[in-house]
Amino acid sequence: MSTPNHELLPEPPPAPSPAVPRFGVTPARWTNPHRLLPRVRWAVQIAYLAFLALVGLEFARFVSQATSDGPLTVSRPPAVEAFLPIAALLGLKRFLLTRYWDEVHPAGLTILLAALATAFLARKAFCSWVCPVGTISRALEWIGRRTLWRRRWPAVPRWLDLPLSSLKYLLLGFFVWTVGQMPLEAIEGFLRSPFNTAADAKMLLFFRHPGTMSLFVIGALAALSLVVKHFWCRYLCPYGALLGVASLLSPLSVRRDPDACNDCRACTRACPAEIPVHTRLRVISTECTGCMSCVAACTTPDCLGVTRKGARALSPWLVPAVALSTLLGFWAIARATGFWETSLPAAAFRFAYRLMGIE
Ligand code: SF4
Ligand code: SF4
Ligand code: SF4
């Protein structure tokens, strides 16, 4: 039997190019239609940060007038109560038991419920589109990417990531347990106390005159966020943990089409929570912040998108649209119905500040 002479065989026809290039090859002339999402997100985050800076300045003027003997001409901005989550949690328990809204820090309770509602509807979009700490955390990630980790962020190994991630749930559990076992009378007493009334001014003092230990802790967290993506948010923030648990009920989630995927992993590299998006069919995770960085980074048409279980693909812009309109809706309704402005007169704050030794 003779062996075939390969030199005499005709050349095989060229293989047709695959419809979807594999292994990290970007399809020619395809531009991700959602590439502007991160820029719009930055614009929203910076606008909210600027708004909060104005709120802080206004509040600082209020506290300065309230702690002097002069007239009070500046109003206290209710949005400052966003920084009082423990009082809001206590106010929520009191509301559930008595149907009375917190009259001292009503905006704080409104903001907590609005953030929870965004998590129920649009994952933790509050974290990625609104929260100022999330914005600073993301900015530190950006700086780290451009200085230390130009090539590749070092991923936290799974054996370390899991125990670290549980820390924020332990903190959340501690706060929920503390609030849960507090009797109603104790909650009423705390909410009406001068300590609670002056809590936002105390917070202002903390930021104005941080102690050495506070500066060290803040500096250490900032340095860690340059090395580990979103160190505070991923591992330590109990507020984020609460929103993450609520977000498990969210109907919206990122979905991946494995048939279209080319395994380039751009989505996973872009994810601030280090979720391995390229391995998931749907991203159902307490860590997903709905930032849409993965969708904006995807290199293949119709591969990553947003979906509702059992429904057709939806626009990824829906996630921030739902989250932001929910927050604005809560604010508008609370303002219109009197659940935004405190019912305490300015003189009561002046009294509480003096009693608590705030100068
Ligand atoms: S995890 Fe906490 S600090 Fe971070 S963005 Fe969310 S709420 Fe803000
Ligand atoms: S999975 Fe996508 S939307 Fe969720 S946090 Fe990661 S990058 Fe953001
Ligand atoms: S889903 Fe991720 S791995 Fe797949 S093509 Fe898109 S960016 Fe690449």
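We count ligands from 1, going down the list as the structure has it; atoms in each ligand are counted the same way. Here, residue 1 is the first one in the sequence, and each next residue gets the next number. Just the heavy atoms: all of them, side chains too, but no hydrogens, waters or symmetry mates, feed the values below.
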Atoms in ligand 3 flagged as close to Thr300, the criterion being non-hydrogen separation under 4.0 Å: 5 (S)

Side chain, backbone, both or neither: Cys127 near ligand 1, heavy atoms under 4.0 Å: both

Proximal atoms of ligand 3 relative to His278 (non-hydrogen, under 4.0 Å): 3 (S)

Protein heavy-atom partner closest to atom 6 (Fe) of ligand 3 - residue, atom, separation in Å: Cys298 SG, 2.3 Å

Ligand 3 contact on Asp263 by region, counting heavy-atom pairs under 4.0 Å: backbone

Cys233 and ligand 1 - part of the residue with a heavy-atom distance under 4.0 Å: both

Taking atom 4 (Fe) of ligand 2 as the reference point, the nearest protein heavy atom with its distance: Cys288 SG, 2.3 Å

Residues, nucleotides or ligands: over 12 heavy atoms within 6.0 Å of Arg39 CZ: no

Nearest-neighbour protein heavy atom for atom 2 (Fe) of ligand 1, which is reported as residue plus atom name and distance: Cys237 SG, 2.3 Å

Per-residue contact class, Val295 against ligand 2 - non-hydrogen pairs under 4.0 Å: neither

Interfacing atoms of ligand 2 (cut-off 4.0 Å, heavy-atom, Val277): 1 (S)

Atom indices of ligand 2, in the order listed, that fall short of 4.0 Å to a heavy atom of Pro272: 7 (S)

Check ion pair Arg76-Glu341 (N to O, under 4.0 angstrom): no

Ligand 3 contact on Cys303 by region, counting heavy-atom pairs under 4.0 Å: side chain

Pair Arg94 + Glu188, salt bridge at N-O below 4.0 Å: yes

Heavy-atom nearest neighbour in the protein, as seen from atom 5 (S) of ligand 2, with distance rounded to 0.1 Å: Thr289 N, 3.3 Å

Interfacing atoms of ligand 3 (cut-off 4.0 Å, heavy-atom, Arg256): 1 (S)

Atoms in ligand 3 flagged as close to Arg265, the criterion being non-hydrogen separation under 4.0 Å: 3 (S), 8 (Fe)

Pair Gln65-Thr73, side chain to side chain donor-acceptor pair (under 3.5 Å): steps then yes or no: CA-CA 8 Å; Gln65 286 191 357; Thr73 56; 2.8 Å; yes

Leu304, portion touching ligand 3 at heavy-atom distance under 4.0 Å: side chain

